[in-house]
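Worksheet for the structure shown next.
The figures that follow rest on heavy atoms only: side chains count, while hydrogens, waters and symmetry mates do not. A quick note: this is a predicted structure, and the numbers were derived from the prediction, not measured.
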2 protein chains.
Amino acid sequence: MTTSKKPTSPERPSLEEAYPTTVEGLVLEERLGYALRRAQLKVFKHFDEAMREHDIRPAQFSSLVVIEGYPGVTQSSLAQTLSIDPPRVVSLINSLEERGLAMRVRCKRDRRSHGIFLTKTGEALVGRLKGLAEQSDLEATQSLSEIERRQLLTLLRKVYASEEGGD
Amino acid sequence: MTTSKKPTSPERPSLEEAYPTTVEGLVLEERLGYALRRAQLKVFKHFDEAMREHDIRPAQFSSLVVIEGYPGVTQSSLAQTLSIDPPRVVSLINSLEERGLAMRVRCKRDRRSHGIFLTKTGEALVGRLKGLAEQSDLEATQSLSEIERRQLLTLLRKVYASEEGGD
DNA sequence: TATTGTTATACTCTATAACTATA
DNA sequence: TATAGTTATAGAGTATAACAATA
């Protein structure tokens, strides 16, 4: 319970000479957070490669897919859906708008909010991107069978979907 | 194959008025990268809370655990093990050394390299932290049964353990 | 007064290049 | 020359506070 932050003077280990060690097995591999981060790094690396030709970042892709599914979605709703902060949505939509992929349309009923829509260009691109993303996922998880891949997706959803108050 | 980057002038959607939409189901949820990121965010949030009292970041925790398992590990080996870059290891070890948790010992055989060891303080702390981390993982995945949790860990390891050249 | 979107800011994480000291 | 560690730096991603326009 008490904060053990007070550093004692470091005790020198008994041996005088450091010896290089080869790290193989790892207690760390029992930790879920570690496994999640490593797996995510791998999958995202593949994703980056797949999207490089179109210069699309993960958050941009996610935004495009949500806007496609919910044309006219507001920025605040998008922020909530992707669980990112409103300021991030601003630069995100700016980048999509500058590239002619999406556009803001002022809402007449409530002139504070903007609806976001895909342009024709954006619609064409997101269709292609979804195919690339799916292919990238498959390549990144070649070591899994189709059944295992579905199991993994189900388990991950079960983890993040369960809200317990804070989120 | 061709890069469809040339943005055409954005076509205004047919409707004049944007309407707020409620986002519920999501095609995005079929994407592995998205599910991984969301699950990781949740697990890491719990981890942060569990470690706040000791002011320990995920990378610091991982380093402590590896050093505990492999006393005298070199910084380059640690970088490789955690798949982070050497410059990151420097500031990481600096922070641990400043807090009296770990220390560099110059290797006599090859005076370029340092072996890293835990201090007595570091050893005591990492023992406590491992317990907190395990408890945090359990809390973050309350929606999973014990069997499902093991399944998830196995699947994740299978994903990131398979090297295919690039990593 | 509350809400949508925005600006400004800062802090962490990450990646790269260039330097040093040793080999 | 090659390697281990270091320094400096810059780019993402993320989080917060403060502000403008509108309700």
Side-chain angles (χ1 to χ4, degrees), chain A residues 18-21 33-34 37-38 40-42 44-45 47-48 51-52 55-63 72-97 102-116 166-167, chain B residues 18-21 33-34 37-38 40-42 44-45 47-49 51-52 55-63 72-98 102-116 166-167:
Chain A
Y19 50 95
T21 25
Y34 181 79
R37 175 173 166 271
R38 292 296 295 264
Q40 198 219 329
L41 281 178
K42 174 151 190 171
F44 268 54
K45 201 175 116 186
F47 183 85
D48 272 356
M51 297 292 152
R52 192 181 314 147
D55 194 25
I56 288 287
R57 308 291 320 154
Q60 292 176 319
F61 174 78
S62 299
S63 301
V73 64
T74 60
Q75 296 186 201
S76 51
S77 180
L78 188 60
Q80 199 182 341
T81 302
L82 300 176
S83 69
I84 59 182
D85 300 280
R88 251 180 81 45
V89 178
V90 176
S91 52
L92 216 43
I93 302 303
N94 283 346
S95 71
L96 297 179
E97 217 169 30
M103 57 191 310
R104 295 170 167 92
V105 176
R106 194 132 224 159
C107 180
K108 277 186 178 165
R109 279 180 294 180
D110 183 344
R111 291 175 45 73
R112 290 174 302 181
S113 54
H114 299 132
I116 314 173
D167 219 334
Chain B
Y19 49 96
T21 26
Y34 180 79
R37 176 174 165 270
R38 292 296 295 263
Q40 198 218 329
L41 281 178
K42 174 151 187 170
F44 268 53
K45 201 175 117 187
F47 183 85
D48 272 357
E49 280 171 29
M51 296 292 151
R52 192 180 315 146
D55 194 26
I56 289 286
R57 309 290 319 153
Q60 292 176 319
F61 173 78
S62 298
S63 301
V73 64
T74 60
Q75 295 186 202
S76 50
S77 181
L78 186 62
Q80 199 183 340
T81 302
L82 299 176
S83 69
I84 59 181
D85 301 280
R88 252 181 80 47
V89 177
V90 175
S91 52
L92 216 43
I93 302 302
N94 282 346
S95 72
L96 297 180
E97 215 169 34
E98 281 161 18
M103 58 190 311
R104 295 172 168 92
V105 177
R106 194 131 224 160
C107 181
K108 277 187 179 166
R109 281 181 293 179
D110 183 346
R111 290 174 45 75
R112 290 174 303 182
S113 55
H114 299 131
I116 314 172
D167 218 341

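The NZ atom of B:K45 lies 6.5 Å from the CD atom of B:E49; values are rounded to the nearest 0.5 Å.
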What nitrogen or oxygen pairs link the protein and nucleotides 8-13 of chain C at under 3.5 Å?
{"from": "C:dC13", "atom 1": "OP1", "to": "B:R57", "atom 2": "NE", "distance (Å)": "3.0"}
{"from": "C:dC13", "atom 1": "OP1", "to": "B:R57", "atom 2": "NH2", "distance (Å)": "3.3"}

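Note on B:S76: a side-chain N or O is less than 4.0 Å away from OP1 or OP2 of D:dG5. Residue B:R104 places at least one side-chain N or O under 4.0 Å from the OP1 or OP2 atom of D:dT6. Close to D:dT22, at under 4.0 Å from its OP1 or OP2, lies a side-chain N or O of A:R111.
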Strand DNA chain C in bracket notation, Watson-Crick/G-U under 3.5 Å with | for pairs to another chain: |||.|||||||||||||||||||

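Each of A:I84 and A:R112 lies near DNA chain D, and the nucleotide nearest A:I84 is the one positioned closer to the 5' end.
At whole-Å resolution of the value, CG in A:L92 and P in D:dA15 are 14 Å apart. To the nearest angstrom, C1' of D:dT6 lies 11 Å from CZ of B:R106. When the C1' atom of D:dA18 is taken as reference, atom CG of A:D85 falls 15 Å away, rounded to whole Å. Rounded to a whole Å, the CD atom of B:Q75 is 16 Å from the P atom of C:dA21. Following rounding to the nearest Å, A:Q60 (CD) and D:dG13 (C1') show an atom-to-atom distance of 13 Å.
Each of D:dT6, C:dG5, C:dA2 was ranked by its minimum atom distance to the side chain of B:V90; first place goes to D:dT6.
Under the rule for a side-chain hydrogen bond (donor to acceptor under 3.5 Å, both in side chains), the partners of B:N94 that lie at least two apart in sequence or sit in another chain are B:R104.
Applying side-chain hydrogen bond (donor to acceptor under 3.5 Å, both in side chains) to B:D110 and the options B:R112, B:R106, B:K108 leaves one that passes, B:R112.
Within the 3.5 Å criterion, the main-chain N or O of A:Q80 finds no donor-acceptor partner in the side chain of A:S83.
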